[in-house]
2 protein chains.
Amino acid sequence: MGTQTSIGAAQAAALAGSLRPAVLRLARRLRQMHDESHGLSHTQLGVLGALFRDSPMSIGQLAAWERVQPPSMTRTVTDLANAGLVTRTPGTADRRQAFVTITEAGRTILRADRRRRDAWLAQRLAAINDLDSVEVRQVIKVLEAINR
Amino acid sequence: MGTQTSIGAAQAAALAGSLRPAVLRLARRLRQMHDESHGLSHTQLGVLGALFRDSPMSIGQLAAWERVQPPSMTRTVTDLANAGLVTRTPGTADRRQAFVTITEAGRTILRADRRRRDAWLAQRLAAINDLDSVEVRQVIKVLEAINR
DNA sequence: TATTGTTATACTCTATAACTATA
DNA sequence: TATAGTTATAGAGTATAACAATA
């Protein structure tokens, strides 16, 4: 698997033109699969996801991660806190900072939402003929390499 | 390339859990690469892209493609028309319909935006060691199969 | 003074409801 | 009556500007 050289610049440009719309379209579908029942926006889910991986995080860290401005993150976190999905605690060393931690209720909701989106994608994967798991792993490997 | 059977449900579920975040993260990066200078929103670019592939399209067709409601598409098209990037012409057979066509100015702007985003992705692709073009084509093939 | 976060306010994008004009 | 699109209006979500608390 790919023991040769890297691909050339011209080839890369041509392939990018095909890869980009395929990724964007699939992402749009995945976004739309998000569970309406819990009433969480995409950004709120993104923040929960970040906190699931790494809690606590400050408002500023979360804003940088989601690429929104601090006032927007203040509001997002306030909404999540009102819903009981995160808690806000002032920093000890630097008391200007506000650290946000995901609650068990937040973890539960996030897991459910992920399960739902995974189910849709899994059903798609299983429905494709002439596709083996080695190929899918290959796809994941390439996408993760691009993301780095 | 995938001459065996389809993958099983359990395998598909496990793979989906890895594939989903990889796709969403890459899509976020690609979205943020969009050129701010022309002042077009993501939906406006999506409409231009659809019309680039297939002009003319009716308001209803465009709304279904972008998965927004017709009133939203009316406004998006109005903005694009005011910017001179599309033209709106009434249908001949059914005069209720409004058909939208991309202009040459629209094509020019879209090409520039795509070039910019492709350049970023192409640079990423070219930078990955031990990756050949066959593998990237494989990735595109799988993503397009999922999208269908 | 600089930084972290918040409050106040406005703008963009999208949605629903009601309407116009065709069919 | 039904359909394609529009207009009117409201609701998210985000941004900038000004401010408070802390460093």
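Every chain is numbered from 1 and lettered A, B, ... according to where its sequence line falls, protein lines coming before strand lines.
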So how far is it from L85(B) CG to E104(B) CD, rounded to the nearest 0.5 Å?
11.5 Å

Nearest whole Å is fine: how far is dT3(C) P from M73(A) CE?
21 Å

The bend of the helix from dT1(C)-dA23(D) to dA23(C)-dT1(D), taken between the axes of its five terminal pairs at each end and rounded to 10°, is 10°

Readout for nucleotides 15-23 of chain C: B = base within 4.0 Å of protein heavy atom, S = sugar-phosphate only, - = neither; 5' to 3' it is BBB---BBS

Rounded to the nearest angstrom, tell me the gap between atom CD in Q97(B) and atom C1' in dT6(D).
15 Å

In whole angstroms, the gap separating C1' of dT14(C) from CG of L62(B) amounts to 16 Å

Indicate whether the side chain of S18(B) and that of R137(A) have a donor and an acceptor atom separated by less than 3.5 Å.
no

Between OG on residue S58(A) and CZ on residue R96(A), distance to nearest 0.5 Å:
11.0 Å

Please determine whether a side-chain nitrogen or oxygen atom of T74(B) lies at a distance below 4.0 Å from atom OP1 or OP2 of dG5(D).
no

Counting only N and O atoms by type, is there a donor-acceptor contact under 3.5 Å from the side chain of S133(A) to the main-chain atoms of I7(B)?
no

Nearest 0.5 angstrom please: R88(A) CZ to I59(A) CD1, how far?
5.0 Å

Taken to the nearest whole Å, CD1/I59(A) to P/dA20(D) is 20 Å

Under-4.0 Å side-chain N/O to phosphate OP1/OP2 contact, S41(A) with dG13(D)
yes

Atom CD of Q61(A) and atom P of dT3(C) are separated, to the nearest Å, by 17 Å

Heavy-atom pair with the smallest gap, counting every atom of R117(B) and L30(B):
CD-O, 3.2 Å

Length of the line joining L40(A):CG and dG13(D):C1', which is rounded to integer Å
14 Å

Both R88(B) and Q44(A) contact DNA chain D. Which one's nearest nucleotide lies toward the 5' end?
R88(B)

So how far is it from I109(B) CD1 to R114(B) CZ, rounded to the nearest 0.5 Å?
13.0 Å

Once you round it to whole Å, what is the distance between C1' of dC13(C) and NE2 of H42(A)?
16 Å

What nucleic acid atoms does T78(A) come within less than 4.0 Å of, heavy atoms only: base, sugar-phosphate, or nothing?
nothing

What is the nucleic acid contact for S58(B), judged by heavy atoms within less than 4.0 Å: base, sugar-phosphate only, or nothing?
sugar-phosphate

Hey, quick one: are F52(B) and L62(B) part of the same hydrophobic cluster, counting side-chain heavy atoms closer than 4.5 Å, chains of contacts allowed?
yes

Counting only N and O atoms by type, is there a donor-acceptor contact under 3.5 Å from the side chain of D118(A) to the main-chain atoms of R20(B)?
no

Between R75(A) (CZ) and dA8(C) (P), how many Å, whole number?
13 Å

